[in-house]
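Written below as structure tokens is the structure these notes are about.
Residue numbers run from 1 in the order of the sequence given. Just so you know, these numbers come straight off a predicted model, no measurement behind them.
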Amino acid sequence: MNFFSKTLAGFYVWVAITASSVSGLAQAATLYDDLGQEAGISHIVDETVQQILIDSRIKDGFKETNMKRLASLLKEQFCVLADGPCKYSGDDMKIVHEKLGITSAQFNALAEDLQLAMEKCAVPFTVQNKLIARLAPMKRDIVTVK
């Protein structure tokens with residue numbers, strides 16, 4: 001192997017190492033990862049459901065709700081919104097909520113319950129904000145009483 005071949009081979013090794021390092025940096029964690037993936041999201045939703053059931057502002061609105069099914073759908077929805085590998089199997093949010101008469105105060109109460117649950121699950125504040133920001137646009141489909 002001559003000098004040029006050795007230099008070229010060294011250059012290729014350097015390019016391969018650099019490219020692999022850069023691609024590792026480019027693959028930033030997703031919100032799904034930041035939330036703890038499936039297990040983390042499951043814990044957050046389970047805590048949220050517990051908060052809902054003790055929240056005097058909204059618990060009566062869930063009397064007729066199958067809470068196990070709701071928790072399952074929330075887990076799917078959070079996973080999808082967080083760029084996880086899930087599929088949401090629930091119905092359209094607007095259709096589901098259109099006859100429920102949900103107010104902004106009720107929507108906000110549930111959002112507060114979610115934040116309390118995330119605090120209990122030690123989700124960093126910045127990660128909480130990212131999830132809330134992705135959920136916030138749903139308010140226009142859920143709140144029907146102005």
Side-chain angles (χ1 to χ4, degrees), residues 7-146:
T7 304
L8 191 56
F11 174 74
Y12 285 136
V13 169
W14 176 82
V15 167
I17 291 170
T18 303
S20 110
S21 298
V22 169
S23 73
L25 293 174
Q27 295 176 353
T30 62
L31 180 55
Y32 178 73
D33 293 325
D34 291 342
L35 290 169
Q37 299 183 346
E38 184 180 346
I41 289 171
S42 184
H43 190 212
I44 291 164
V45 170
D46 291 343
E47 284 293 331
T48 302
V49 168
Q50 292 305 310
Q51 288 296 131
I52 290 167
L53 293 173
I54 61 170
D55 188 336
S56 61
R57 300 172 295 173
I58 60 173
K59 68 180 180 181
D60 291 342
F62 289 89
K63 281 183 185 173
E64 304 295 320
T65 303
N66 177 339
M67 295 305 281
K68 187 174 180 178
R69 181 171 187 274
L70 175 65
S72 177
L73 291 172
L74 286 173
K75 290 171 188 179
E76 290 176 5
Q77 193 171 57
F78 288 10
C79 179
V80 169
L81 288 171
D83 302 320
C86 311
K87 299 245 185 287
Y88 177 65
S89 64
D91 295 323
D92 179 86
M93 296 300 285
K94 188 169 191 142
I95 293 169
V96 169
H97 295 93
E98 68 186 350
K99 295 181 182 171
L100 297 178
I102 297 173
T103 66
S104 281
Q106 291 167 317
F107 181 89
N108 293 340
L110 194 140
E112 290 171 20
D113 290 343
L114 169 60
Q115 285 184 295
L116 287 171
M118 288 192 286
E119 286 175 18
K120 281 186 173 182
C121 295
V123 176
F125 188 68
T126 56
V127 176
Q128 291 180 34
N129 284 342
K130 288 177 186 177
L131 180 59
I132 294 294
R134 292 186 186 190
L135 290 166
M138 291 183 190
K139 185 174 184 176
R140 67 178 155 257
D141 291 335
I142 295 171
V143 173
T144 57
V145 177
K146 305 295 181 210

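- The minimum heavy-atom distance linking Tyr88 with Met93 is given by the pair OH-SD, 3.8 Å.
- Taking every heavy atom of both residues into account, Leu110 and Phe62 meet most closely at CD1-CZ, 3.7 Å.
- Residue pairs meeting the side chain to side chain donor-acceptor pair (under 3.5 Å) criterion with at least one member in residues 50-61, sequence neighbours excluded, are Gln51-Lys120, Asp55-Arg57, Arg57-Glu112.
- Nearest heavy atoms, Ala109 versus Ile58: CB-CG2, 3.7 Å.
- Across all their heavy atoms, Glu47 and Ala117 have their closest contact at CB-CB, 3.5 Å.
- Here the straight-line distance linking atom OG1 of Thr48 with atom CG of Leu70 works out to 10.0 Å at 0.5 Å rounding.
- Lys139 NZ: more than 12 foreign heavy atoms inside a 6.0 Å radius.
- Applying the side chain to side chain donor-acceptor pair (under 3.5 Å) rule to pairs touching residues 72-86 yields Ser42-Lys75, Asp46-Lys75, Glu76-Ser89, Asp83-Arg134, sequence neighbours excluded.
- Between His97 and the options Asp91, Ile142, Val143, a side-chain contact (heavy atoms from CB on, under 4.5 Å) holds for only Ile142.
- Taking all atoms of both residues into account, the shortest heavy-atom contact from Ala71 to Val45 is O-CG1, 3.5 Å.
- Leu53 CG to Met67 CE: the interatomic distance, rounded to the nearest 0.5 Å, is 4.0 Å.
- Remark: Met138 CE to Leu81 CG distance equals 4.5 Å, nearest 0.5 Å.
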For side chain to side chain contact (heavy atoms under 4.5 Å, CB included), just list the numbers for Phe78 and Leu35, CA-CA rounded to whole Å, side-chain angles, deciding distance to a tenth of an Å, and then say yes or no. CA-CA 10 Å; Phe78 288 10; Leu35 290 169; 5.6 Å; no

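- At a cut-off of 3.5 Å, with distance as the only test, no side-chain donor of Thr126 or Asn129 sits close to an acceptor on the other residue.
- The nearest pair of heavy atoms linking Ala136 to Phe107 is O-CZ, 4.4 Å.
- Interatomic distance, CD1 of Ile44 versus CD of Glu119, reported as 12.0 Å (0.5 Å rounding).
- Annotation: disulfide (SG to SG under 2.5 Å) contacts of Cys121 (sequence neighbours excluded): none.
- With values rounded to the nearest 0.5 angstrom, Gln128 atom CD is found 12.0 Å from Asp34 atom CG.
- Counting heavy atoms from C-beta outward, Phe125 and Met118 have side chains that stay 4.5 Å or more apart.
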